[in-house]
Structures are given as C-alpha cells and as structure tokens.
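Report on one structure; see the data block that follows.
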Amino acid sequence: MFAALSEKHEHKKVLPDLEGAENGVVMRFAPNPSGPLHIGHARAAALNDAYIKQYGGRYILRIEDTDPKRIDPEAYEMVVEDLRWLGLAITDTVTQSDRLHLYYVLCTQLIEKGGAYVCTCDNEVFKELKNKKTACPCREQSVETNLVLWDKMLTHGFKEGEASVRIKTDLLHPDPAMRDFPAFRILDAPAHPKVIAHVYPLMNFSVVADDHLLGVTHVIRGKDHIANTRRQRYIYDHFGWKVPVYRHYGRMGIEGVVLSTSQMRMGINDKTYTGWDDIRLGTLRALARRGISPEAVKNAMLAIGIGDTDISFSWDNLYAENKKIVDPTANRYFFVPDPVTAQIEGAEPHTAHALLHPSDAARGTRTLEFTGTVLLPKSEVSPEVTMLRLKDLFNVKISWNGDTPTFTYAGDSLADARAAKAHIVQWLPAQATVGCTIKTQEGDMSGACEPAVRSELGKVIQFERVGFVKIDAVSDSGVIAYYTHK
RNA sequence: GCUGCUAUAGUGUAGUCCGGCCAAUCAUGCGGGCCUUUCACGCCCGCGACUGGGGUUCGAAUCCCCAUAGCAGCACCA
C-alpha cells in the first residue's frame, strides 16, 4: 500500500506504444565511430533502450564504419564506454566492417533479381540525367553484364569514381533523392583501421541488409533519415523482405556546448579544450565529468520523447532530473569562495558538528575545530553587514571602522540570528582548510574547502549555498571540483 | 527550386487518430509563502499556451482549406 503510494510520485514517463511490438522488439543503436557520443546520440540510445525495456527483446549496437574517411580508430572503444556509462541493455554488438562479405553476397542477389545495376557514368553526368528523370545507359544493361561489372568492381578492375552500384527505383519519382540512389562505391586508398577493402556499401544498403539480417523490428531515429527510410523501402521491396516499423523524431537544438566532432577534435588538438571530456563540450563524458548522472540523461531524453517537432534541449530540465538523483545522496560541505580571514574576538574554542546530510542524520557529521580565526566568503563581509551566523557555530557581530571590520562573538542563539535577519553563512577554521578550485563553464572559482572533501574523490557533493560539484582531483595543492549545477 | 514533415505557456510534454468530459495535463522555469542552522530538499499558492485567417458543425486545440514560420532531404556521408 505504501509502495503504491510512493510509486505514484515517480511520474514514470510513458512513451507512446509502438505498433506491432506486443511480442517483443529488436532494435538498434547505430552510431558512426567518428568520436565519443554526445547528448544528441543519447536521445536515440535512450529511446530505443526504453522501448526494449518496455516490450522486451534485443538491443543491438551496430557500429557503422563503412566510410573510412569518417572513422576515428579510438571511437570504437569510446562508443562502447559511453554506452556502458549510460547503462543501456545492449545485448548484441556488430561492426559493419566485419560484414562486408555479407553485403557483397546480397548485392549479387539483388543484381540477379534485376533490382540493381552497375553504373559507370560520370557522377555529374548521372546527376544531370537524374534531375531530368532520364535513365542512364547503364540502367538497361543485362543482368549478366551487371554481374560481370560487379565482379570487376570487386576485383579492382575499376578505380575510385569509375563505377558504382545503383538501386533501381523510380526515375519519375517527384523527389529526386529517390531516383536510382547508389548502394556501393569504390575507394582506392581508404586506410580503414579494421579492414582492407576496395568496395564499400553506402549506408542505405548496409543498413537494410543488417536490419534484415539481424531481425530488427523497430527503428527509432532522427527525421534526417526520413528520406533514407523511403529509399530503403525500395531495397526491401526488391528482396521481398518485411519492413521494420519506423519512428522519426524531430531535430533537437542544443545550445551552450560544442557538439560538432570536427570542431571538438580541432579544439583538442590546439589545446583549446583539455580533451573529449572538457566541460565546454556536449559529450557524454563531459557530462559525466561534471557530475551529471546517466539516469538523469536518460530521464531527460524520455521526457522529450519521440515527437517529430523540432525542439530545443533544456539544460534546466536536465539539471532538475539530475538534482532529483543527486540531492538525496550528496554529502554537504563548506566551500568558502574568495575567502577573507576573520579573527573572532571573545569566543572560546569550540568544536562544531555539521551534518553530512540535513535529512539523514544517520550519515553522521563532519567536525570543524574553531580556535579563533575563520575564513568567510568575501561577498558576505561588506560594510552594510553587521551580523552573521556562522552555520553550526555561533553568531558574530561585525563593527566597522571605515573599511576595517572587527568581528566579535555574539552568542549561540539561533533565534537571535533569525531575529536580526543575519545571513547564515558557511565558514572554515583558518587552520584547517585545503585550497579548492571549482571549474565552471564560465571559468574558475577559487577558494577553500574542508579537508574532509578529499575523501569524496569522484563523488558529487554539495557545497552549501554554492551548489553541487563533482570532486575531480585531489592533491597536495588542493582540490579540483567541477560545478554540476545549483 | 523540388519533395516531405511539423506548429500547445520561457522550455519540454499530455490531449489531436475516434470533435463535446479541455475556460487545456504534468514537469521544469519564474514570483510569493511555509519549513529549515544552506540561496539545497520538501510542502503550499500564483504566473504562463492551443501560430494567424477562413470553413464544416449545435459544438473545434482536435476535421478541411489558405497563409505564415520552422525543420529535413535532394552526396559514390551516416
């Protein structure tokens, strides 16, 4: 009964039903290994994942590396790492460069069926004919001729650009993008990191081949693939294969971070960025470094859903999701930005015990030894301020002689501080601090924090009154933290 | 230009297929309050939208037409 009540608060986002998914689904995430995954990828990855969890089935990671020019050899590993971080239920992994022989066999079959032909026209010439809805001479070749030419392609009888395989579609189709699109091309010096080949499939062919071979039932991807879906249908029809169910979601605009792989790589090379996880980038590893949890990313993506409207991604919404996850677990500590030293007159030494978490006393406390001098945030100490409450310690009166403050002990009563509307501020014992720099997308914030923060390496904590941060590095010279969000 | 898709508050989203229960849901954001030894969390209150114009209908966010805006594709990229 109580469980039912608490589940009501979960607000589980329900995605629209998928047609024909009742008996389970086979879906795939198919990135190009050109760099690490970014937030845009996370949408496709998370949406597919959610449906597979909803209906049951298999989740195939398919690395689409059929364009040697767009491969970063390190990306194979990065993609897998990023998906592992996201926590997806991947059941199978295939790499297209391992499967070229399968595509070749299917191409031969398609030529035999009369569904494809080898075109030796100049690319520009073909384009002109296509725009005039006119067949190129190669289209009328016999199956036998096509098979001979196809064999010639595979045996290096052509150079790059001299021949390609085209799918027979409808030359009168109103959309020129549909007319006899290419399925295989020749690359002379591809320098592919995983395979030696001369003939490479184009995306539309290899995708159909693999979706069919792997039994993919449902495809969710961006609407930039709508035209590809229509093209791919021609291949399905030639083979007589069953077409998967498609959903195409709209474009997602993301502001504030760099997403373009080439731009990121350039910036890393010229030291503008520290690496793929530089927090100014939109990669998943950058989010991870900042303390965004994978669950928050997934939840934010599911909340966006599969609508075909173009949307703008909201960092606020992602931060809200993350805070729900991080707030209950993050320990609290003091960080004093831009510290000023304050010697407190008239106060006895005192040990303060501050809760590690305000709503979970069982977690314990940290101890701060007051011996006379403290560090305070400079922004809290200005001539119009005459009283402060040092959190978990006592009240301090400030008297001003011009610009020079004098700090005097003013009692332990919290009620007094409230009555005086004094700010309750974080502080540090001057004799027990470590230097701390908080890195934000806008720049660094330096100050000092409790020495105990050093035990939170790799964790997200909350600096009280400052915000959530992830402890990135701990050394003799101090602590480096990354700002997560408020 | 051609082909196609879309249009609900600052942002995301539900409702649109099968018109009335929608003076429009939920989240986030913002404003105010309560709680509180954090400007966090929690709780309460409030703000804020059906792109525009026609039409059909007793009745339209929902159906039709036009306009406008945005987006995608028109590669031997994925």
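Computed from a prediction, not measured in an experiment: that's the story for all the values here. In what follows, chains carry the letters A, B, and so on, assigned in the order in which the sequence lines appear, proteins first and then strands, with residues in each chain numbered from 1.
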Quiz item: When the C1' atoms of B:G52 and B:G70 are considered, how many whole Å apart are they?
Solution: 15 Å
Quiz item: Checking only heavy atoms, does the side chain of A:Gln462 share a donor-acceptor pair with the base of B:U38 at less than 3.5 Å?
Solution: yes
Quiz item: Among A:Phe158, A:Trp150, A:Tyr117, which one satisfies ring-ring contact (aromatic ring centres under 6.0 Å, His included) with A:Phe184?
Solution: A:Trp150
Self-check item: Value in whole Å for how far the C1' atom of B:A27 lies from CG of A:Leu318
Solution: 14 Å
Quiz item: A:Phe468 near the nucleic acid: base, sugar-phosphate alone, or nothing, with a heavy-atom cut-off under 4.0 Å?
Solution: sugar-phosphate
Quiz item: Taking NZ, NE, NH1 and NH2 as the nitrogens, is one of them in A:Asp210 or A:Arg28 under 4.0 Å from a carboxylate oxygen of the other?
Solution: no
Self-check item: A:Phe394 and A:His350 aromatic ring geometry - parallel, tilted or perpendicular at 30°/60° bounds
Solution: tilted
Exercise. Can you establish whether the number of heavy atoms outside A:Glu74 located under 6.0 Å from its atom CD is more than 12?
Key: no
Exercise. May I ask you to decide if A:Gly222's main-chain N or O and A:His225's side chain share a donor-acceptor pair within less than 3.5 Å?
Key: no
Practice problem: Provide the distance between the two C1' atoms, one in B:C71 and one in B:U28, to the nearest whole Å. | Solution: 25 Å
Quiz prompt | Distance, nearest 0.5 Å, that separates NE2 of A:His423 from OG of A:Ser379 | solution = 9.5 Å
Quiz item: Using a cut-off of 4.0 Å between protein heavy atoms and nucleotide atoms, how would you tag nucleotides 68-78 of chain B 5' to 3' with B, S and -?
Solution: --SBSBSSBBB
Quiz item: Taking atom C1' in both B:G48 and B:A24, what distance in whole Å separates the two?
Solution: 13 Å
Quiz item: For atom P, what is the distance between B:U6 and B:U13, given to the nearest Å?
Solution: 15 Å
Self-check item: Gap in Å between the two P atoms, one belonging to B:A67 and one to B:A49, rounded
Solution: 28 Å
Practice problem: Look at the side-chain N and O atoms of A:Lys486 and state whether any lies under 4.0 Å from the OP1 or OP2 oxygen of B:C39. | Solution: no
Exercise. Anything under 30° is parallel, anything over 60° is perpendicular, the rest tilted; go ahead and classify A:His38 against A:His41.
Key: tilted
Practice problem: Choose from B:U38, B:G12, B:A7 the nucleotide whose nearest atom is closest to any side-chain atom of A:Ile311. | Solution: B:G12
Quiz prompt | SB check A:Arg366 A:Glu464 (cutoff 4.0 Å) | solution = yes
Self-check item: Between B:G20 and B:A60 - C1' atom distance, rounded Å
Solution: 9 Å
Practice problem: Using a 4.0 Å heavy-atom cut-off across all strands, classify A:Glu380 as base, sugar-phosphate, or nothing. | Solution: base
Quiz item: Between A:Ser314 and B:G29, is there a side-chain N or O to OP1/OP2 distance below 4.0 Å?
Solution: no
Practice problem: Round to a whole Å and report the spacing from CZ of A:Arg233 to P of B:G4. | Solution: 15 Å
Quiz item: Counting just side-chain N and O atoms, does A:Arg418 come under 4.0 Å of either OP1 or OP2 of B:U37?
Solution: yes
Quiz item: What is the distance from OH of A:Tyr483 to P of B:A40, rounded to the nearest Å?
Solution: 11 Å
Quiz item: Taking atom C1' in both B:U16 and B:A7, what distance in whole Å separates the two?
Solution: 12 Å
Exercise. Take the protein atom OH of A:Tyr249 and the nucleotide atom P of B:G12, then report the distance between them rounded to whole Å.
Key: 16 Å
Quiz prompt | Interatomic distance, A:Glu450 CD vs B:U38 C1' [rounded to whole Å] | solution = 12 Å
Quiz prompt | Dot-bracket pairing map - RNA chain B, Watson-Crick plus G-U, both contacts under 3.5 Å, | cross-strand | solution = (((((((..(((.......[.....)))((((((.......))))))...(((((..]....))))))))))))....
Practice problem: Could you tell me the separation between the CG atom of A:Asn299 and the P atom of B:U11, rounded to a whole number of Å? | Solution: 22 Å
Quiz item: Do A:Asp180 and A:Arg139 sit within salt-bridge range, that is, some charged N less than 4.0 Å from a carboxylate O?
Solution: yes
Exercise. Answer with base, sugar-phosphate or nothing: what part of the nucleic acid does A:Thr309 contact at a heavy-atom distance below 4.0 Å?
Key: sugar-phosphate
Quiz item: Atom NZ of A:Lys421 and atom C1' of B:C39: how far apart are they, to the nearest Å?
Solution: 17 Å
Practice problem: Measure the acute angle between the ring planes of A:Phe334 and A:Trp427, then classify it against the limits of 30° and 60° as parallel, tilted or perpendicular. | Solution: tilted
Self-check item: Integer-rounded Å distance: B:U28 P and A:Asn322 CG
Solution: 14 Å
